[in-house]
J.: 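Before I ask anything, here is the structure I am working with.
The structure presented is a predicted model; accordingly, all values stated were derived computationally and were not measured.
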Amino acid sequence: MNHPDYKLNLRSPGTPRGVSSVGGPHGVGASPGDKKSKNKSMRGKKKSIFETYMSKEDVSEGLKRGTLIQGVLRINPKKFHEAFIPSPDGDRDIFIDGVVARNRALNGDLVVVKLLPEDQWKPRITLSLPGVLGLQAIKPESNDKETEATYEADISEECCGHHLLQQSPKGCNSPDVIIEAQFDDSDSEDRHGNTDMLVDGVKKLSLHTPDKGKEESSAPVTKDENTPTSQDTRVLPEKSLQKSAKVVYILEKKHSRAATGILKLLADKNSDLIKKYALFSPSDHRVPRIYVPLKDCPQDFMTRPKDYTNTLFICRIIDWKEDCNFALGQLAKSLGQAGEIEPETEGILTEYGVDFSDFSSEVLECLPQSLPWTIPPDELGKRRDLRKDCIFTIDPSTARDLDDALSCRPLTDGTFEVGVHIADVSYFVPEGSSLDVVAAERATSVYLVQKVVPMLPRLLCEELCSLNPMTDKLTFSVIWKLTPEGKILEEWFGRTVIRSCTKLSYDHAQSMIENPTEKIPKEELPPISPEHSSEEVHQAVLNLHSIAKQLRQQRFVDGALRLDQLKLAFTLDHETGMPQGCHIYEYRDSNKLVEEFMLLANMAVAHKIFRTFPEQALLRRHPPPQTKMLSDLVEFCDQMGLPMDVSSAGALNKSLTKTFGDDKYSLARKEVLTNMYSRPMQMALYFCSGMLQDQAQFRHYALNVPLYTHFTSPIRRFADVIVHRLLAAALGYSERPDVEPDTLQKQADHCNDRRMASKRVQELSIGLFFAVLVRESGPLESEAMVMGVLNQAFDVLVLRFGVQKRIYCNALALRSYHFQKVGKKPELTLLWEPDDLEEEPTQQVITIFSLVDVVLQAEATALKYSAVLKRPGPERSLGLEKESDEEPED
């Protein structure tokens with residue numbers, strides 16, 4: 001039964017839209033069956049469950065003295081009673097054991113903690129899990145032309161939705177030993193989002209170390225729904241004490257306090273509570289279960305609760321008292337059926353604090369009111385006029401917010417005048433206006449599979465600012481005089497006016513690159529303004545491509561790193577919006593062309609604003625990868641006979657690109673290793689230059705450059721708008737910025753928060769559509785490569801779709817299976833039941849980097865799907881691959 005039109009109060013007091021959000025916590029330590037204490041709590045005072053928060057004064061004093069520590073809380077999505085904050089000394093994270101110690105803080109909150117006495121710290125076993133890794137999955141049409149996600153762990157993930165999390169075990173008993181998966185790092189929300197079954201593998205590890213010297217295990221297959229717990233024997237554990245702490249204060253509630261989930265009746269029919277409250281069960285198990293007043297629920301919920309079993313609701317936490325296991329909330333809205341695209345999408349947006357409401361009339365009044373708008377004559381007089389130049393855009397075919405355009409004019413001395421022209425958004429967004437305030441709050445456009453939630457009103461995004469062809473547009477340009485090798489001879493920054501002659505897609509530009517001497521038929525190209533010919537545009541693309549190849553080659557010679565991961569793109573039904581198919585997005589020369597010049601412009605602007613405003617420049621830094629995780633991964637690769645040099649970004653890039661051949665097996669193995677080495681990478685961050693004393697910390701690790709910023713996408717990133725204003729001031733177009741470094745840093749922090757949330761929403765949107773595709777079009781078959789081997793399961797990267805799944809032995813038609821270590825390499829031998837009883841059983845050997853065939857199939861639970869290993873053919877039965885390709889080539 002569907003109830004999509006049933007609506008309630010949209011917001012609870014004090015939780016406006018757009019609140020920064022990066023995830024959320026589930027499953028508090030007690031169940032609704034805790035009736036007696038709850039009944040008493042309704043009648044009178046009962047003993048507190050949670051500690052009272054410290055006063056602001058005591059917190060401030062404790063932080064100054066160093067007796068208290070602050071940090072962003074991360075809750076393990078698979079073991080919700082485990083949480084962590086980063087250690088200030090850069091050592092292992094500080095552990096927060098249990099919901100009570102977390103003291104009502106939610107995932108992503110900025111909290112203050114107090115260390116517990118050392119005798120309360122827990123032993124920690126660090127397990128290096130090379131198979132438990134994230135996978136990048138972004139919609140290519142997001143228009144992220146710098147493709148920074150290939151350099152940073154900005155996003156990654158298995159393509160599966162946020163409702164795929166498996167139910168965490170009931171009860172929150174404190175563990176005697178903390179299991180830390182180095183390649184999950186309990187940080188899947190901050191860096192990588194929720195891997196479906198992979199992260200869950202950490203939960204299934206035994207807390208006991210196996211007997212020394214015991215290298216084998218075997219078992220007949222029992223058809224049990226619960227996979228037996230198993231010690232991960234891939235790498236020997238390292239044991240140490242883990243600093244433990246408790247939350248004493250929440251500095252900033254960054255979590256939105258909103259969740260999607262379902263309504264249930266309270267379990268105890270005799271409780272007084274059942275007359276007043278229903279239980280809201282969030283899909284994200286890190287969010288506590290919530291009491292919601294029955295008056296907020298549908299009128300027939302009490303009499304017909306089963307009608308609402310599959311109905312998604314949004315609930316907002318409005319209070320969580322010290323004496324109550326569960327939070328108190330308010331139903332905000334009935335979304336519709338669980339598993340359907342639009343209700344699930346609205347739930348994702350709400351959970352992550354994305355403001356998708358219409359822009360207010362106050363905001364829209366900031367836009368030009370007389371349309372069609374034309375550039376005022378006095379503004380034209382202030383700008384360099386480039387309207388007669390051959391300038392064009394190159395974007396995804398579906399893009400409507402065109403931020404950037406390119407030009408390339410050959411000069412008589414054999415050099416080229418190359419221009420990057422960026423929409424002058426700051427002209428239309430006056431500082432301090434209502435439009436500026438809402439854009440700063442949203443901070444970024446959010447790209448879903450089926451639509452975009454824009455940072456700015458569509459009149460700006462798609463018309464006034466967008467560099468649409470054959471119309472005059474205001475731009476901010478960087479123009480260089482370049483040699484054919486890409487060496488910069490001259491550089492100019494300034495406000496300009498352009499008239500793009502055509503809107504090329506990446507396909508158009510690629511066709512020009514691949515056919516350098518052939519004229520592209522007119523019908524295969526978009527309209528081109530009569531002042532310019534298709535031949536002129538074609539030659540400009542070829543010249544840009546030639547220079548871009550030189551720039552790119554030099555960047556990698558200079559030590560840059562690129563971690564290209566598989567990205568999933570969808571084809572949608574025009575009428576229903578349902579996914580019809582998907583494919584791995586191909587990153588081609590036309591993409592690389594645009595990327596090189598966007599990077600060049602961003603670096604040039606970074607140097608300009610930092611030279612002029614050394615204390616007030618908004619820059620972007622990328623810290624080096626996490627050393628412990630990286631060294632564990634190198635050790636793993638050594639054990640697998642794959643020596644890797646990680647001494648620098650460039651050395652790692654060389655190891656990944658030079659080690660492998662170009663046959664199918666070698667390319668698949670490269671995908672797996674690229675995926676693994678993305679895991680230790682840290683997030684890139686916006687920051688104010690005046691807040692960091694050591695300029696060595698300004699560096700961008702993956703690009704291997706000293707200064708970097710974002711300038712090229714102001715339509716969809718507010719950080720770029722700030723940079724435009726700084727550049728305008730640096731060039732004398734406006735007054736010196738009147739902003740303190742700490743104020744600018746707060747803006748940078750907010751941009752970081754919203755960018756992270758946006759990336760997570762993109763991942764979840766892709767996961768949602770892929771899960772729907774499996775449900776509607778599955779089962780789907782693909783080759784896969786084994787990424788990790790446990791003693792009763794193994795992890796695979798599904799090569800056709802770029803998703804990761806765990807395959808359990810007891811889910812297969814096996815007679816038995818046997819685990820052993822051959823040297824240091826884990827190996828599973830599977831004995832398949834024969835189809836014909838007269839035949840002999842088939843044996844299959846599973847090792848890391850084995851190629852296997854898998855089937856993805858939907859499960860009964862909404863949006864859940866699993867991977868099943870196909871019975872092997874003769875060539876796969878012994879796990880034989882191209883042994884000759886295993887060795888690195890000379």
J.: Which word best sums up how the rings of Trp480 and Phe597 line up, parallel for under 30°, tilted for 30 to 60°, or perpendicular for over 60°?
T.: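 Tilted: the ring planes of Trp480 and Phe597 meet at 30° to 60°.
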J.: With sequence neighbours left out, what residues match Asp472 under salt bridge (charged side-chain N to carboxylate O under 4.0 Å, His left out)?
T.: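 Expected list: Arg387, Arg499.
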J.: Sequence neighbours left out, what passes side-chain hydrogen bond (donor to acceptor under 3.5 Å, both in side chains) with Gln695? Give chain and number order.
T.: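 Partners of Gln695 by the side-chain hydrogen bond (donor to acceptor under 3.5 Å, both in side chains) criterion come out as none, since no residue qualifies.
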J.: Can the ring centroids of Phe570 and His583 be said to lie less than 6.0 angstrom from one another?
T.: no
J.: I'd like to check the salt bridge (charged side-chain N to carboxylate O under 4.0 Å, His left out) partners of Arg409; sequence neighbours left out, ordered by chain and number.
T.: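 Listed in chain order: Glu417.
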J.: Just to verify, what does Thr496 make a side-chain hydrogen bond (donor to acceptor under 3.5 Å, both in side chains) with, not counting sequence neighbours?
T.: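 Partners of Thr496 under the side-chain hydrogen bond (donor to acceptor under 3.5 Å, both in side chains) test: Thr475, Ser477.
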J.: Just to verify, what does Leu542 make a side-chain contact (heavy atoms from CB on, under 4.5 Å) with, not counting sequence neighbours?
T.: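 Here the qualifying residues are Pro516, His538, Gln539.
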J.: I need the full list of salt bridge (Lys or Arg N to Asp or Glu O under 4.0 Å) pairs touching residues 528-544, with sequence neighbours left out, sorted by first then second residue.
T.: Lys519-Glu535
J.: Look at the aromatic rings of Phe801 and Phe770 and report parallel, tilted or perpendicular, splitting at 30° and 60°.
T.: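 Aromatic pair Phe801/Phe770 classed tilted.
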J.: Which heavy atom of Val418 sits nearest a heavy atom of Cys408, and at what distance?
T.: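 Taking every non-hydrogen atom into account, CG2-SG, 3.9 Å.
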J.: Please confirm whether Arg736 makes a cation-pi placement over Phe613, using NZ or CZ under 6.0 Å from the six-membered ring centre and within 45° of the ring normal.
T.: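 That pair does not qualify as a cation-pi contact.
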J.: Go through the structure and list residues passing side-chain contact (heavy atoms from CB on, under 4.5 Å) with Asn704, not counting sequence neighbours.
T.: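 Asn704 satisfies side-chain contact (heavy atoms from CB on, under 4.5 Å) with Arg699 only.
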J.: As a quick check of understanding, evaluate ring pair (Phe, Tyr, Trp, His ring centres under 6.0 Å) for Tyr686 and His710, giving each step before the final call.
T.: CA-CA 9 Å; Tyr686 298 114; His710 274 167; 5.5 Å; yes
J.: Taking salt bridge (charged side-chain N to carboxylate O under 4.0 Å, His left out) as the test, write out the residues that go with Asp389, two or more places apart.
T.: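 Applying salt bridge (charged side-chain N to carboxylate O under 4.0 Å, His left out) to Asp389 gives none.
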J.: What pairs with Ser647 under side-chain hydrogen bond (donor to acceptor under 3.5 Å, both in side chains), at least two apart in sequence or on another chain?
T.: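 With neighbours one apart ignored, the set is Asp645.
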J.: Taking the six-membered ring for Trp, is the centroid-to-centroid distance between Phe610 and Phe698 below 6.0 Å?
T.: yes
J.: Got a salt bridge between Asp436 and Arg725, using NZ or NE/NH1/NH2 to carboxylate O under 4.0 Å?
T.: yes
J.: Kindly assign one of parallel, tilted or perpendicular to the pair Phe476 and His724, based on the angle between their ring planes and the thresholds 30° and 60°.
T.: perpendicular
J.: Going from SG on Cys465 to CG on Leu402, what distance comes out if it is rounded to the nearest 0.5 angstrom?
T.: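 So the gap between those two atoms works out to 11.0 Å.
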J.: Nearest heavy-atom pair of Cys390 and Ser407: which atoms, and what distance?
T.: O-CB, 3.5 Å
J.: Can you name the residues that form a side-chain hydrogen bond (donor to acceptor under 3.5 Å, both in side chains) with Gln553, not counting sequence neighbours?
T.: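 With neighbours one apart ignored, the set is empty.
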J.: Identify whether the distance between the nearest side-chain nitrogen and carboxylate oxygen of Arg552 and Glu595 falls below 4.0 Å.
T.: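 Salt bridge present between Arg552 and Glu595.
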J.: Between Arg458 and Glu463, does at least one N-O distance fall below 4.0 Å, as a salt bridge requires?
T.: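 Answer for the salt bridge query: no.
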J.: Please list, chain by chain and in numerical order, all residues satisfying salt bridge (charged side-chain N to carboxylate O under 4.0 Å, His left out) with Lys481, sequence neighbours excluded.
T.: Asp413
J.: Looking at residues at least two apart in the chain, or sitting in another chain, which of them share a side-chain contact (heavy atoms from CB on, under 4.5 Å) with Asp589?
T.: Gln510, Ile513, His545, Lys592
